[in-house]
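First the proteins, then the strands, lettered A, B, ... as listed; each starts at 1. All values below were derived from every heavy atom in this structure, side-chain atoms included, with hydrogens, water molecules and symmetry-related copies excluded.
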Amino acid sequence: DVKVTQSSRYLVKRTGEKVFLECVQDMDHENMFWYRQDPGLGLRLIYFSYDVKMKEKGDIPEGYSVSREKKERFSLILESASTNQTSMYLCASSPRRSDTQYFGPGTRLTVL
Amino acid sequence: AQSVTQPDIHITVSEGASLELRCNYSYGATPYLFWYVQSPGQGLQLLLKYFSGDTLVQGIKGFEAEFKRSQSSFNLRKPSVHWSDAAEYFCAVGATDSWGKLQFGAGTQVVVTP
């Protein structure tokens, strides 16, 4: 079975802090994705990566950056957290483009 | 613009009754489609997917979906729901020229009553 793990299930941070969310997949997948999920809005794509050290902006990249130094790990970075970044963050991976995405359990981030 | 619409935000169904969740999409290219389910506090689990071929696809947990190109729809059905089917359901659509990006609907919350 594909396993996608996220470093924290729950995280509480203060406004202005730098926040790292980590995601690891164990299936040698090429593609990795970061989404945020908000009630009534579904999932919105923040960034994705189709190879090591490659990244592409999604629909809502503002206020976020990402890092993919190794194939199995994809990090989401909030340079200076703000209260409007309070959300559920979901990581996903897929073996190649145009294929099924497999999701991690999510990190619920609260920014105070 | 590409979009995915799940018209029903919330559905209440009795245990043992049938369930149908609607999904409509607007895509310029040939789409591929998914239904995912999310239990409270969890990530998304794949129920089923359509890439090509037979337009009626079977998934896990007794779910099926039918792709209707003429109606731009991919509705999810289950003949008899169980209390454990209470969850949020998401339809997602991608296109072969979209670098693997998916567009998700806003979700439908399903409540199952005894």
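- Taking CD of Q37(A) as the reference point, atom CD of E88(B) lies at 6.5 Å (rounded to 0.5 Å).
- In this structure, F90(B) is a member of the same hydrophobic cluster as F48(A), with clusters built from ILVMFWY side-chain heavy atoms closer than 4.5 Å.
- No continuous path of hydrophobic side-chain contacts links Y102(A) to L76(A) [ILVMFWY only; heavy atoms under 4.5 Å].
- With chain B as the partner, the residue from V4(A), T100(A), L41(A) showing the most heavy-atom pairs under 4.5 Å is T100(A).
- Proximity to chain A is limited to the side chain of L46(B), based on heavy atoms less than 4.5 angstrom apart.
- Linking ILVMFWY residues whenever their side-chain heavy atoms come closer than 4.5 Å, directly or via other members, places I60(B) and L19(B) in the same cluster.
- When the candidates G41(B), A92(B), G107(B) are compared by the number of heavy-atom contacts under 4.5 Å with chain A, G41(B) comes out ahead.
- Atom NZ of K101(B) is separated from atom OH of Y50(A) by 11.5 Å, given to the nearest 0.5 angstrom.
- Rounded to the nearest 0.5 Å, atoms CZ (F103(A)) and CD (Q38(B)) are 9.0 Å apart.
- Of the atoms belonging to D38(A), not a single heavy atom falls under 4.5 Å from chain B.
- Clustering ILVMFWY residues whenever any of their side-chain heavy atoms sit less than 4.5 angstrom apart, transitively, puts L45(A) in a cluster other than the one holding Y47(A).
- The two residues G40(A) and A106(B) have their closest heavy-atom pair at O-CB, 3.4 Å.
- With a threshold of 4.5 angstrom between heavy atoms, R9(A) approaches chain B through side-chain atoms but not through N, CA, C or O.
- Atom CZ of R44(A) has more than 12 heavy atoms from other residues, nucleotides or ligands within 6.0 Å.
- Here the straight-line distance linking atom CG of L90(A) with atom CZ of F104(B) works out to 8.5 Å at 0.5 Å rounding.
- Residues passing the salt bridge (charged side-chain N to carboxylate O under 4.0 Å, His left out) test with E30(A) are K71(A), sequence neighbours excluded.
- In this structure, no portion of Q109(B) lies under 4.5 Å from any heavy atom of chain A.
- With values rounded to the nearest 0.5 angstrom, L43(A) atom CG is found 9.5 Å from L102(B) atom CG.
- Under a hydrophobic-cluster definition in which Ile, Leu, Val, Met, Phe, Trp and Tyr are linked whenever side-chain heavy atoms come within less than 4.5 Å, directly or via other members, Y64(A) and Y35(A) are assigned to different clusters.
- At a 4.5 Å heavy-atom cutoff, the contact between Q103(B) and chain A is made by side-chain atoms alone.
- By the 4.5 Å heavy-atom criterion applied to side chains, Q101(A) and F34(B) are not counted as neighbours.
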